[in-house]
Amino acid sequence: MIHIQPQGCLLACDADDRVIAASDNTDALLNRPLGQVLQHSLAQLLDDDSVQQIHSTLNGAEQMTPRFIKVYSIHRDQRRQNFQLNAWKDRDRTFVTLEPLQNQLNRRLLARASQWLAELAQAENPETLMDILVRGVRQLSRYERVQVCQYSQSEGFVMAESRSRALPSLLNHHLTTHDLLPQAAELYARNPVRSLADIHSEGVRVMTLDDIQLESRQLAPSILYAIDPAYRDYLDSMGLRASLSFAIHRHDQLWGLVICHSRKPYPISPAQRDAMMALVHMATQRLFLLEYRSKARFVERVLDSRHLLTGRSGHLARPQDLLQDHGEQWMNLFSACAVALVSSNGIVSRGEAPDSDTLEQLSRRLRVIHHEHTPWYSHALQDTRLAEIDGLSGLAGLLALPLAATSPTGWLLLFRKEQPRTEHWAGPVNGGFTTWQQPIEGQSAPWHIDEIQAATDLAEDLAVAVASEQIAALNAQLHASSEYFANMARTDALTGISNRYHIEECVERELEALARYERPLCIILFDIDHFKQINDTLGHEAGDQVLQRLSKEVKACLRLSDQFGRWGGEEFLILAVNTPIRDGVLLAERLREHIAQLAFDGLKQVTVSMGVAAGRSGESVKSLVARADTAMYEAKQSGRNRVIAADLSKA
């Protein structure tokens, strides 16, 4: 027997709008006994207008995803009762829920929600933002404890909290949720809000016609969905009776939850839920915007550092000089205690790095265990195959970046010290909810994906510097070899197209031609949409194949006079010479459409977001690329798989 929570009623209809199942509380809520519900048409229970709105709203909508239909009203005991009517489809069946609403608009609720929304919009860092969110949700819900819990793999982490003194604090605690997280992710994918007014309340039976069978999963999208026994036991172990939660999604994955707890039964009206959901939506957008800004500032610092690789004369500086002059800056940038450059030209290091013999041994070992031209990294060296190397005492983190343009492969090495710490954990143990501490040793701070990508770009430029030095040495011995290495210094090792150093030189030359001869130029900066998901789902080898195939296809569509290079990671730059902005936009649209139609093994579709910018007389490469980057970011924010031109109206 399937049950729902008692805060509303449920109807299920077949393809002919015949009611084939209903919750056993229609008489109490709708003045319609089950005998007047089952077997009857939906229009007889509601009205033709409501049924028409249900069908028009669900027509083409995603299956098993609830949609708000309307506010439905009945007259009961000479009073008007309003209901929030939601509906969803599962194949040929339609499901409808009705929740009672307060008959008077709660203006105080709207005013409070607006006040909190204004505060969220002013938050300038994630910590302040999350603190405002939990305080706002707690005031609107009046629950005793509100938390923001971020999830990764099989655990959660409480990053923000507002509570009464009656409930213990779990702030900065890790939560053991490995048994519940997969099921929760599936539920929240259907409905981002889950409300459990009383985990011990008797559910309302869902009655069906004799020849009809319903599956519990078909009711999962409903806010009335009955509590899972495992989750009830989890809440019960915490001494809780009511729970309300809102999902935060990122890239279609469950990023975290805003969770409300109460020790007493606590029903929440749909209006309250909607007000709190508005706060969660605002905070989610603001959080990811702040993270993007922080990443942009970090990338800008890395770009500034990369410009240091070229001296004032415009020639590449010697790698040894670069490390001696700027190693301290790179250590600060990547929160490292030491940096080292190991190549056939020699070994140079800054900070608390291991001695030269240890660095040489480490370099040889890396070539054995890591054959790809991709970063190798760990924040727990003691658990890797490098643990057998002596001389790494006190170091727990290593980010090793191969210098692919050098032969034999050299390495840019960034080290982090061990950071012993104590983690606080909470979860059910032997039927009760408890907290405990777990000491962590032999680990450093983990390497963030943005740090790895930025360091990879820096290593590519250093590889050019190292390769250039090797070229200079070999040129004295054999002139023919210099051409080979010079090409390596201009070419991206993975895709075979121009690398960032070469394409940047080409753009600078065209800007000079623009200033001297007024010859127009455009650049097209584009980024592969959701590329991280490709790597995470299919692996880095599949991601590399996508980069190689896309580079080949785009290059084949360009003129011989155009330049095409890899700007970094999954970003590419096209230099269209003698091309005004409108022709540049047309070229970008053709390329975008061509890429979207390509077939890639294991992928439904690969798309790109493009930013187009026209060069201005006297403008620097950095300024031109920044305008194209802004346009590309706008393309991503506008839904991805599109082209945005910078200052098109002025062009």
Return yes if a side-chain donor-acceptor contact under 3.5 Å exists between [X] and [Y], otherwise no.
X      : Y      : result
Arg640 : Ser609 : no
Asp47  : Ser50  : yes
Arg67  : Asn86  : no
Asn125 : Thr128 : yes
Asp17  : His55  : yes
Ser216 : Tyr225 : yes
Asp48  : Gln52  : no
Trp116 : Gln139 : yes

If you measure from the Lys or Arg side-chain nitrogens to the Asp or Glu carboxylate oxygens, is any gap between [X] and [Y] under 4.0 Å?
X      : Y      : result
Arg217 : Asp90  : yes
Asp27  : Arg32  : no
Asp529 : Lys636 : yes
Arg232 : Asp236 : no
Glu161 : Arg135 : no
Glu589 : Arg642 : no
Arg293 : Glu291 : no

From [atom1] ([X]) to [atom2] ([Y]), nearest 0.5 Å:
X      : Y      : atom1 : atom2 : result
Asp527 : Leu525 : CG    : CG    : 8.0 Å
Leu603 : Leu598 : CG    : CG    : 11.5 Å
Arg190 : Gln63  : CZ    : CD    : 8.5 Å
Met238 : His261 : CE    : NE2   : 4.5 Å
Leu38  : Thr208 : CG    : OG1   : 8.0 Å
Cys260 : Ile268 : SG    : CD1   : 7.5 Å

Checking the side chain of [X] only, and the main-chain atoms of [Y] only, is there a donor and an acceptor separated by less than 3.5 Å?
X      : Y      : answer
Arg286 : Ala123 : yes
Asn25  : Gly8   : yes
Ser294 : Leu290 : no
Trp88  : Gln218 : yes
Thr537 : Ile534 : no
Gln253 : Arg250 : no
Tyr188 : Leu257 : no
Arg138 : Arg163 : yes
Ser56  : Gln53  : yes
Gln44  : Ser41  : yes

Go through the steps to decide whether Tyr266 and Arg142 satisfy the test side chain to side chain contact (heavy atoms under 4.5 Å, CB included), and finish with yes or no. CA-CA 9 Å; Tyr266 206 97; Arg142 298 191 180 277; 3.0 Å; yes
Stepwise side chain to side chain contact (heavy atoms under 4.5 Å, CB included) test for Asp536 and Phe531: CA-CA 9 Å; Asp536 292 346; Phe531 186 74; over 6 Å; no
Quick check: closest heavy atoms across [X] and [Y], and the distance to 0.1 Å?
X      : Y      : answer
Leu98  : Tyr72  : CD2-CD2, 3.6 Å
Ala283 : Leu133 : CB-CD2, 3.7 Å
Pro221 : Met64  : CG-O, 3.3 Å
Ser23  : Ile4   : CB-CD1, 3.6 Å
Ile223 : Gln5   : O-NE2, 3.5 Å
Leu46  : Ile54  : CD1-CD1, 4.2 Å

Find out whether [X] and [Y] are in side-chain contact, i.e. whether some heavy atom of one side chain is under 4.5 Å from a heavy atom of the other.
X      : Y      : answer
Tyr231 : Ser243 : yes
Gln7   : Leu224 : yes
Arg263 : Leu167 : yes
Thr176 : Glu155 : no
Leu11  : Val37  : yes
Arg18  : Leu209 : yes

Name the one of Arg194, His281, Met276 that satisfies side chain to side chain contact (heavy atoms under 4.5 Å, CB included) with Phe246?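 Only match with Phe246 under side chain to side chain contact (heavy atoms under 4.5 Å, CB included): Met276.
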Show the numbers, then the answer: is there a salt bridge (charged side-chain N to carboxylate O under 4.0 Å, His left out) between Asp198 and Lys264? CA-CA 8 Å; Asp198 185 357; Lys264 299 178 181 179; over 6 Å; no
If you count the non-hydrogen atoms of other residues, nucleotides and ligands that lie under 6.0 Å from [atom1] in [X], is the total more than 12?
X      : atom1 : answer
Asp252 : CG    : no
Asp210 : CG    : no
Glu202 : CD    : no

List the steps, then state whether side-chain hydrogen bond (donor to acceptor under 3.5 Å, both in side chains) holds for Glu423 with Trp425. CA-CA 6 Å; Glu423 288 185 347; Trp425 285 81; 3.1 Å; yes
